[in-house]
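Structure first, then comments.
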Amino acid sequence: VQLQASGGGLVQAGGSLRLSCAASGRTFSRYTMGWFRQAPGKEREFVAAITWSGGRIYYAHSVEGRFTISKDHAKNTVYLQMNSLKPEDTAVYYCAAGVEAAMGYDEYDYWGQGTQVTVSS
């Protein structure tokens, strides 16, 4: 399984970015695709997740209403649209895949390499 995250960058507070996670290597019908982030000196934290087939969606309270997770079956890609970005959203963002996973870090088996998001004030 390979997960390739992209789309990070530098943006001013209030701006937007869209992250992409291209998945390959197996059938993901039973998988949940998630996004986590890790800021310097902090633990990796859950951001959002979506089940590949059923469309169940989870968000961390800190991003609900600002971030939107979605998927494109044809492209085997999951997206994280991030709006109204804040400096505290600055982190390395990782995509992950796990069978019937939800919001727990240890529920995910496969991880992408991470993409840096920096929000300036």
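We use all heavy atoms of the structure for the numbers below, so side chains are in, but hydrogens, waters and symmetry mates are not.
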>> If we check side chain to side chain contact (heavy atoms under 4.5 Å, CB included) with Ile57, which of these qualifies: Ile50, Thr51, Thr32?
In response: Ile50
>> I want to check something: taking the side chain as every heavy atom from C-beta on, are Ile69 and Tyr58 in contact at a cut-off of under 4.5 Å?
In response: no
>> Would the distance check show the side chain of Arg66 and the main-chain N or O of Ser62 forming a donor-acceptor pair, the cut-off being under 3.5 Å?
In response: yes
Could you report the tightest heavy-atom contact between [X] and [Y], atom names first, then the distance?
{"X": "Asp89", "Y": "Val119", "result": "CB-CG2, 4.3 Å"}
{"X": "Leu19", "Y": "Trp35", "result": "CB-CH2, 3.6 Å"}
{"X": "Met33", "Y": "Ala97", "result": "SD-CB, 3.7 Å"}
{"X": "Leu85", "Y": "Met82", "result": "CD2-CB, 3.8 Å"}
{"X": "Pro87", "Y": "Ser121", "result": "CG-CB, 3.8 Å"}

Which pairs of donor and acceptor atoms, one on a side chain in residues 1-17, lie under 3.5 Å apart (sequence neighbours left out)?
{"from": "Ser16", "atom 1": "OG", "to": "Asn83", "atom 2": "OD1", "distance (Å)": "2.9"}

Using 0.5 Å steps for rounding, measure from the [atom1] atom of [X] to the [atom2] atom of [Y].
{"X": "Gln113", "Y": "Cys95", "atom1": "CD", "atom2": "SG", "answer": "7.0 Å"}
{"X": "Lys71", "Y": "Ser53", "atom1": "NZ", "atom2": "OG", "answer": "7.5 Å"}
{"X": "Tyr79", "Y": "Ser70", "atom1": "OH", "atom2": "OG", "answer": "7.5 Å"}

>> One pair to check against side chain to side chain contact (heavy atoms under 4.5 Å, CB included): Thr68 and Tyr59. What are the steps and the verdict?
In response: CA-CA 8 Å; Thr68 303; Tyr59 290 106; 3.8 Å; yes
> Who passes side-chain hydrogen bond (donor to acceptor under 3.5 Å, both in side chains) against Tyr94, sequence neighbours left out?
Replying inline: none
> Does the pair Asn76 and Trp52 meet the rule for a side chain to side chain contact (heavy atoms under 4.5 Å, CB included), with working shown?
Replying inline: CA-CA 9 Å; Asn76 255 18; Trp52 195 257; 3.4 Å; yes
>> Looking only at the side chains, is there a donor atom on one of Arg37 and Tyr93 sitting less than 3.5 Å from an acceptor on the other?
In response: yes
> Taking only residues two or more places apart in sequence, or in another chain, which ones meet Phe36 in a ring pair (Phe, Tyr, Trp, His ring centres under 6.0 Å)?
Replying inline: Phe46, Tyr108, Trp111
>> What verdict does the side chain to side chain contact (heavy atoms under 4.5 Å, CB included) test give for Tyr31 and Glu100, after you've listed the backbone C-alpha separation in whole Å, the side-chain angles of each residue and the deciding distance to 0.1 Å?
In response: CA-CA 6 Å; Tyr31 278 73; Glu100 298 178 348; over 6 Å; no
